[in-house]
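As the structure is a prediction and not an experimental result, all values here were calculated from the model. FYI, the numbering just counts along the sequence from 1.
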Amino acid sequence: MSWILLIIAGLFEVGFATCLGKAKETSGTTSLYWYGGFLVCLTISMFLLVKATKELPIGTAYAVWTGIGAVGSVLVGIFVFKEPATFWRVFFISTLILSIVGLKIVSK
């Protein structure tokens, strides 16, 4: 169950990064809504991370959480914000994914 909570926490990390990107693109009340979404996603993400670390080692949990956030944020950047998907970017994101999977495999 802790791994599921950790994955969900990582997805909410992607959510708060996405909200920041959208807030940057907007202004006025719309921007405030995106900042509100950022705060909600941040709170949920941190809460779930804390819950997951009650069972998982903090180093592993934090690395997986930030890895999910990093990979997800880059993918959102590519698909939503039209950032470039260069060979090296995709290569290093792939190595990060393999590292996250590796941490899951070697963790108890």
Side-chain angles (χ1 to χ4, degrees):
M1 184 63 170
S2 295
W3 281 102
I4 294 169
L5 292 177
L6 184 60
I7 291 168
I8 295 168
L11 295 175
F12 273 99
E13 185 185 4
V14 175
F16 74 71
T18 303
C19 287
L20 281 178
K22 295 301 267 182
K24 185 176 76 170
E25 291 181 343
T26 59
S27 61
T29 305
T30 305
S31 182
L32 292 177
Y33 290 136
W34 284 112
Y35 284 122
F38 163 79
L39 291 174
V40 169
C41 288
L42 177 65
T43 302
I44 294 170
S45 182
M46 291 294 163
F47 174 77
L48 294 174
L49 177 62
V50 168
K51 296 282 282 182
T53 58
K54 292 187 187 295
E55 303 260 335
L56 301 173
I58 187 71
T60 300
Y62 184 74
V64 170
W65 179 73
T66 57
I68 292 169
V71 169
S73 295
V74 168
L75 292 175
V76 167
I78 290 169
F79 292 111
V80 174
F81 297 110
K82 307 298 182 221
E83 295 174 358
T86 64
F87 169 80
W88 289 112
R89 243 180 138 188
V90 173
F91 173 78
F92 287 118
I93 285 299
S94 299
T95 61
L96 186 54
I97 292 168
L98 290 173
S99 298
I100 292 168
V101 171
L103 281 172
K104 165 68 172 107
I105 291 170
V106 300
S107 295
K108 294 181 181 182

message: How close do Ile68 and Val14 get, counting heavy atoms only, and between which atoms?
response: O-CG2, 3.6 Å

query: Are more than 12 heavy atoms from other residues, nucleotides or ligands located less than 6.0 Å from atom CZ of Phe87?
result: yes

query: Are Ile100 and Tyr62 connected, step by step, through hydrophobic side chains (Ile, Leu, Val, Met, Phe, Trp, Tyr) whose heavy atoms are closer than 4.5 Å?
result: yes

Under 4.5 Å side-chain linkage, directly or through intermediates, the cluster mates of Ile58: none

query: How are the rings of Phe16 and Trp65 set to each other: parallel, tilted or perpendicular (split at 30° and 60°)?
result: tilted

- prompt: Taking the side chain from Thr66 and the backbone from Ala63, do they hold a donor-acceptor pair closer than 3.5 Å?
  reply: yes

Nearest heavy-atom neighbours spanning Ala52 and Leu5: CB-CB, 4.4 Å

Atom pair NZ/CE of Lys51 and Met1 - distance to nearest 0.5 Å: 9.0 Å

field: Tyr33 atom OH: more than 12 heavy-atom contacts under 6.0 Å
entry: no

message: Closer than 3.5 angstrom, by distance alone: can the side chain of Ser107 be matched with the main-chain N or O of Lys104 as a donor-acceptor pair?
response: no

- prompt: Looking only at heavy atoms, what is the nearest atom pair of Gly37 and Cys19, with distance?
  reply: C-SG, 3.7 Å

query: Is there a path of hydrophobic side-chain contacts, each under 4.5 Å between heavy atoms of I, L, V, M, F, W or Y residues, that connects Val50 with Phe47?
result: no

message: I'd like to know if Val40 and Phe38 are part of one continuous hydrophobic network [Ile/Leu/Val/Met/Phe/Trp/Tyr, side-chain heavy atoms within less than 4.5 Å].
response: no

message: Quick check against the 3.5 Å criterion: does Ser45 have a side-chain atom that pairs as donor or acceptor with the backbone of Leu42?
response: no

statement: OG1 of Thr86 to CZ of Phe91, rounded to nearest 0.5 Å, is 12.0 Å

query: If you look at every heavy atom in Ala61 and Leu49, which pair is closest and at what distance?
result: O-CD1, 4.2 Å

query: Would you say Tyr35 and Leu39 are hydrophobically clustered, going by side-chain heavy atoms of ILVMFWY under 4.5 Å?
result: yes

message: For the CD1 atom of Ile93 and the OG1 atom of Thr95, what is their distance to the nearest 0.5 Å?
response: 7.5 Å

task: Please name the pair of heavy atoms, one in Ser2 and one in Leu56, separated by the smallest distance, quoted to 0.1 Å.
output: CB-CG, 3.8 Å

query: Taking atom OG of Ser27 and atom CG of Leu32, what is their separation to the nearest 0.5 Å?
result: 9.5 Å

- prompt: Looking at OG of Ser31 and NZ of Lys24, how far apart are the two atoms once the value is rounded to the nearest 0.5 Å?
  reply: 12.0 Å

- prompt: Mind checking whether Val74 and Phe92 sit in one hydrophobic cluster, side chains of I, L, V, M, F, W, Y counted as touching below 4.5 Å?
  reply: no

Point-to-point distance, once rounded to the nearest 0.5 Å, from CD of Glu25 to CZ of Phe81: 5.0 Å

- request: Please report the shortest heavy-atom distance between Leu96 and Val71, naming the atom on each side.
  value: CD2-CG2, 3.7 Å

